[in-house]
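Below is one structure, written out as structure tokens, with a few remarks after it.
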Amino acid sequence: MSETVKVTCLNDKHKALGAQMVPFGGFEMPLQYSNIIDEHNAVREHCGVFDVSHMGEVRVTGAEAEKFVQYIFTNDLKGAEYGKIFYGMMLHPDGGTVDDLLVYKMGDQEFFLVINAANIDKDYAHIVAEAKNFDVKTENLSDYYGQLAVQGPESEQIVEEVLGLPCKDLVFYTFDKVPANGEELIVSRTGYTGEDGFEIYGSHEYIRKAWDKLMECGKVKPCGLGCRDTLRFEVGLPLYGDELNDDVTPLEAGLGMFVKLDKDDFIGKDALVKQKAEGLKRKIVGIELQDKAIPRHGYEVLNGETVVGVVTTGYNSISTGKSVCMAMVNIDVAALDTPLSIRIRKKVFPGVVTKKRFYKKSYKK
Amino acid sequence: MAKFIEGLYYSESHEFVKVDGEFAYVGITDYAQSQLGTVTYVDMPEEGDDFEAGEEFGAVESVKAASDVFSPVSCTVVEVNEALEDEPELINKDAFENWIMKVKLNDPSELEGLMDAAAYENFCK
């Protein structure tokens, strides 16, 4: 594990904009530039850009590349064409989650994995260890690639006109390689905000130029990790470290649709098949409070006087004004409309189990 | 730039005390609100609550975090600022006007242990 705090290729630009910088996933990252609420609303209503260069990238190539990725990944890539992107997880043999990630199909013998910053070292060690039994080559390209996430309803126009990158023909969860700046960029219609948007991978030099163009055009708000979290939370997307970790399975996190138990063997499959057959003992639910008090990560969930779970992420939702959270609770209290309460400091606030999607996604599919 | 008002007393945990006879108004300082960002919720004490000096009396929350607030003085709450229940962001507009609780001072000599405006401004540097 690296002891020093890393920086992205845009670190000096964040500081020049007056961003409040915080440690995240081993990197010094902008929490906010002006105000989390304004940045959040810019993405919901117009366009915002995030520096997500801290994310890790791993390339897998070779004759058994597909067979290998199928073995370490929960989703099913079989028969996919160039340009398709899959969301899923890598698991431990016991079904606990190593990481959640995207897999880009670049060719019959080439896949591009995008992993969480905090897990780069752990994930790459896991990938290298498992790759020994396959005819594949793995490369950790995390230090080469910078990445921007341009998100919001106006992002298609911005990426086309301000950055000059063709993107309007991309459908949701696909990508293309785009030549620019003397290199080959990866442009994908993805993001983690619940809005339409694009993620652009390129060299540090390109990412710095693109960032400057976005700042100069006056139509794009720089957005920090603060609103990245409120945006993903409102649409029920998990964050590794909150909803997912080494001890939580994707089934418990409500991510079963990204786990294909009917495909050939993959790491963790047996454990999940067993867990599904026996029934879950706990799962992540949404809880809405009556009051505006804010439930936060780690707070206790109560059924009467009994502790039945813990809050994984909670906010006063910026888009709806309601105080809501995701929480891992015992299965016997996980049904919709079950009354549960949350201990917030010295007081206990009543609430009710809801779906864990607090705001409707508006992807362009 | 944060405001520092003469005549108030300030704590190291960034609360102010504005004395009015045997009563006082307690809230968070302008510097504190500027560090917190937009206030989205104030967890308030209740009328009649007693606090020792240094005891937690509630919390002020921004989008990202909850910050406990501590009573700089021993006191009994006589009134809470109910306007903050519907408009917590009033604290961002004027932290000194939008106090959190009005209290009866139980030991006015404790005020001598707090900072004045100049000392607090220096403390915030």
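First the proteins, then the strands, lettered A, B, ... as listed; each starts at 1.
Here the straight-line distance linking atom CG of A:D38 with atom OG1 of B:T38 works out to 7.0 Å at 0.5 Å rounding.
B:E55 CD: more than 12 foreign heavy atoms inside a 6.0 Å radius. Shown here is A:K322, whose NZ atom has no more than 12 heavy atoms of other residues, nucleotides or ligands within 6.0 Å. The number of heavy-atom neighbours closer than 6.0 Å to CD of B:E97, taken from other residues, nucleotides and ligands shown, is 12 or below. With a 6.0 Å radius and a threshold of 12 heavy atoms from other residues, nucleotides or ligands, A:K355 has its NZ atom at or below the threshold.
The pair A:K346-B:D43 does not meet the salt-bridge criterion, since no charged nitrogen lies less than 4.0 angstrom from a carboxylate oxygen. Between B:E61 and A:R345, at least one side-chain nitrogen of the basic residue sits less than 4.0 Å from a carboxylate oxygen of the acidic one, meeting the salt-bridge criterion.
The contact between A:I294 and chain B is made by backbone and side chain atoms together, counting heavy-atom distances below 4.5 Å. Contacts of A:F233 with chain B are absent, with no heavy-atom separation under 4.5 Å from either backbone or side chain.
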Handout entry: Stepwise side-chain contact (heavy atoms from CB on, under 4.5 Å) test for B:V63 and A:Y315
Key = CA-CA 7 Å; B:V63 174; A:Y315 284 106; 4.0 Å; yes
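When atom types are taken as modelled, the side chain of A:R296 and the backbone of B:K64 share a donor-acceptor pair closer than 3.5 angstrom.
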